[in-house]
Amino acid sequence: MINKIEFIAREAGRIIRQNFGKKHEIKYKSNLSDLVTETDKKSESLILEFINREFPGHSILSEESGFNNKTSEYLWVVDPLDGTTNFAHGLPIFSVSIAVLKNNETIYGVVYDVMRDVLYSAEKGSGVFANGKNIHVSKRSELKECMLVTGFPYDFTGKDSVFKMFESFLKKSRAVRRLGSAAIDCCLVAEGVFDGFWEATLFPWDVLAGKVIIEEAGGKVTDFNNDPLTLELKQFLGTNSLIHEKMLHVINST
Ligand code: IPD
Ligand code: CA
Ligand code: CA
């Protein structure tokens, strides 16, 4: 099954790459910052048609089409283009993210970093690979030596804590970055480039593949209460595990 997930993630990436840099038909979702392009839709159609053909009974939850209302022990969670704002503005940082859950447990996670042409692929219990090479989280344990990454919500109303956390981590770590693709943020934690990634307002399609990718690389993933993620997730903290408690402390004291 992992080979099929990898195949369709790469195929969707190919469509996205072909459309990168071209003029886009942009539509707005919740507000003027929350975009969707025709390429998000093309990528999604390709992935959903593939799943429906290869695994007709499986449930699917996908960002632009929602839940397909099928009852199955298998659930595919799909973000057909993670990093739409980057894509629409010509910044080459975006990905395709596909997770597969069995009885609510994420068993496969695949993220394709389209422009770097790197495929991250994890199977629960079998490790994680970036273009076939085994990857691991970093070994840094002091926040002062760490490079962290975060993301911001499309709507800041009532979310002042987002800025306070950002300020605290800026002061306490070596550096904080904001790339604009939560799925890639997770992969770079798994690869040991970033030591931790936090974000307060996410959806399962942004990070469920990234969750198993981080865990299989030896890292830890929870919400801001240190509880395991569920399908209702919003908050996400993924780390090399060594700084998990320290990051939780900063998050919960701001
Ligand atoms: C977004 C990206 C971004 C994160 C946002 C997400 P989208 O996904 O992952 O990094 O900060 O919260 O919504 O809308 O480009 O698929
Ligand atoms: Ca996303
Ligand atoms: Ca998306």
Side-chain angles (χ1 to χ4, degrees), residues 8-9 12-13 15-17 19-20 24-48 60-67 76-99 109-116 120 148-159 161-163 165-166 169 176-190 193-194 196-211 213-214 221 223-224 229 231-238:
I8 196 60
I15 302 253
I16 296 170
R17 198 161 43 237
N19 286 282
F20 181 57
H24 298 295
E25 186 198 315
I26 293 174
K27 295 206 171 108
Y28 302 101
K29 299 203 279 184
S30 57
N31 62 34
L32 284 178
S33 300
D34 191 2
L35 314 179
V36 61
T37 70
E38 76 293 343
T39 304
D40 296 71
K41 299 274 176 62
K42 274 189 204 159
S43 170
E44 184 174 70
S45 303
L46 184 87
I47 298 168
L48 300 197
I60 306 172
L61 171 65
S62 185
E63 179 172 12
E64 313 304 339
S65 299
F67 183 55
W76 292 63
V77 180
V78 177
D79 191 335
L81 203 180
D82 184 51
T84 298
T85 310
N86 287 349
F87 173 79
H89 284 258
L91 181 66
I93 304 174
F94 41 81
S95 58
V96 176
S97 173
I98 304 177
V110 171
V111 172
Y112 182 47
D113 182 328
V114 176
M115 298 310 283
R116 287 199 305 139
Y120 296 88
L148 308 176
V149 65
T150 189
F152 301 116
Y154 290 124
D155 180 2
F156 289 103
T157 320
K159 294 188 184 128
S161 60
V162 167
F163 303 108
M165 271 181 216
F166 187 64
F169 279 122
V176 179
R177 298 289 182 256
R178 193 288 198 247
L179 298 188
S181 166
I184 292 179
D185 297 337
C186 290
C187 294
L188 293 177
V189 171
V193 174
F194 294 126
F197 164 45
W198 88 95
E199 186 164 343
T201 316
L202 286 166
F203 292 94
W205 46 79
D206 296 312
V207 284
L208 278 186
K211 168 188 133 63
I213 287 171
I214 292 178
V221 174
D223 66 12
F224 293 172
L229 300 189
L231 271 172
E232 280 73 49
L233 73 92
K234 287 266 172 260
Q235 308 163 337
F236 184 92
L237 175 64

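Counting starts at 1 for both ligands and their atoms, following the listed order. On a predicted model such as this, the values are computed, not experimentally measured, just so you know. Excluded from the calculations below are hydrogen atoms, water molecules and symmetry mates; all remaining heavy atoms, backbone and side chain alike, are included.
- Taking both residues in full, the closest heavy atoms of P80 and S43 are given as O-OG, 2.8 Å, listed atom of the first, atom of the second, then distance.
- Taking all atoms of both residues into account, the shortest heavy-atom contact from I214 to F236 is CD1-CZ, 4.1 Å.
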S95 vs V111, side chain to side chain contact (heavy atoms under 4.5 Å, CB included): CA-CA, chis, key distance, verdict:
CA-CA 7 Å; S95 58; V111 172; 3.9 Å; yes
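- F224 and E199 make their closest contact through CZ-O, 3.4 Å (heavy atoms, listed as atom of the first residue, atom of the second, distance).
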Considering only N or O atoms, set out every pair between ligand 1 and the protein closer than 3.5 Å, with distances to one decimal place.
{"unit_1": "ligand 1", "atom_1": "8 (O)", "unit_2": "D82", "atom_2": "OD1", "d": "3.0"}
{"unit_1": "ligand 1", "atom_1": "9 (O)", "unit_2": "D82", "atom_2": "OD1", "d": "2.7"}
{"unit_1": "ligand 1", "atom_1": "9 (O)", "unit_2": "D82", "atom_2": "OD2", "d": "3.4"}
{"unit_1": "ligand 1", "atom_1": "9 (O)", "unit_2": "A182", "atom_2": "N", "d": "2.9"}
{"unit_1": "ligand 1", "atom_1": "10 (O)", "unit_2": "R178", "atom_2": "NH1", "d": "3.3"}
{"unit_1": "ligand 1", "atom_1": "10 (O)", "unit_2": "G180", "atom_2": "O", "d": "3.2"}
{"unit_1": "ligand 1", "atom_1": "10 (O)", "unit_2": "S181", "atom_2": "N", "d": "3.1"}
{"unit_1": "ligand 1", "atom_1": "10 (O)", "unit_2": "A182", "atom_2": "N", "d": "3.3"}
{"unit_1": "ligand 1", "atom_1": "11 (O)", "unit_2": "R178", "atom_2": "NH1", "d": "3.2"}
{"unit_1": "ligand 1", "atom_1": "11 (O)", "unit_2": "E199", "atom_2": "OE1", "d": "3.2"}
{"unit_1": "ligand 1", "atom_1": "11 (O)", "unit_2": "E199", "atom_2": "OE2", "d": "2.8"}
{"unit_1": "ligand 1", "atom_1": "12 (O)", "unit_2": "E199", "atom_2": "OE2", "d": "2.6"}
{"unit_1": "ligand 1", "atom_1": "14 (O)", "unit_2": "Y154", "atom_2": "OH", "d": "2.7"}
{"unit_1": "ligand 1", "atom_1": "15 (O)", "unit_2": "G83", "atom_2": "N", "d": "2.7"}
{"unit_1": "ligand 1", "atom_1": "15 (O)", "unit_2": "T84", "atom_2": "N", "d": "2.9"}
{"unit_1": "ligand 1", "atom_1": "16 (O)", "unit_2": "E63", "atom_2": "OE1", "d": "3.4"}
{"unit_1": "ligand 1", "atom_1": "16 (O)", "unit_2": "D79", "atom_2": "OD2", "d": "3.2"}
{"unit_1": "ligand 1", "atom_1": "16 (O)", "unit_2": "L81", "atom_2": "O", "d": "3.3"}
{"unit_1": "ligand 1", "atom_1": "16 (O)", "unit_2": "D82", "atom_2": "OD1", "d": "3.4"}

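- M115 approaches F94 most closely through the heavy-atom pair CG-CZ, 3.5 Å.
- Among all heavy-atom pairs drawn from R178 and G151, the shortest one is NH1-CA, 3.8 Å.
- For F163, the ring pair (Phe, Tyr, Trp, His ring centres under 6.0 Å) partners at least two apart in sequence or on another chain are F156.
- Nearest heavy atoms, V96 versus G13: CG2-N, 3.9 Å.
- Excluding water, every protein N/O/S atom under 3.0 Å from the Ca ion (ligand 3) is given here by residue and atom: E63 OE1, D79 OD1, L81 O.
- Taking E25 as the reference, K27 meet the salt bridge (Lys or Arg N to Asp or Glu O under 4.0 Å) condition, with sequence neighbours excluded.
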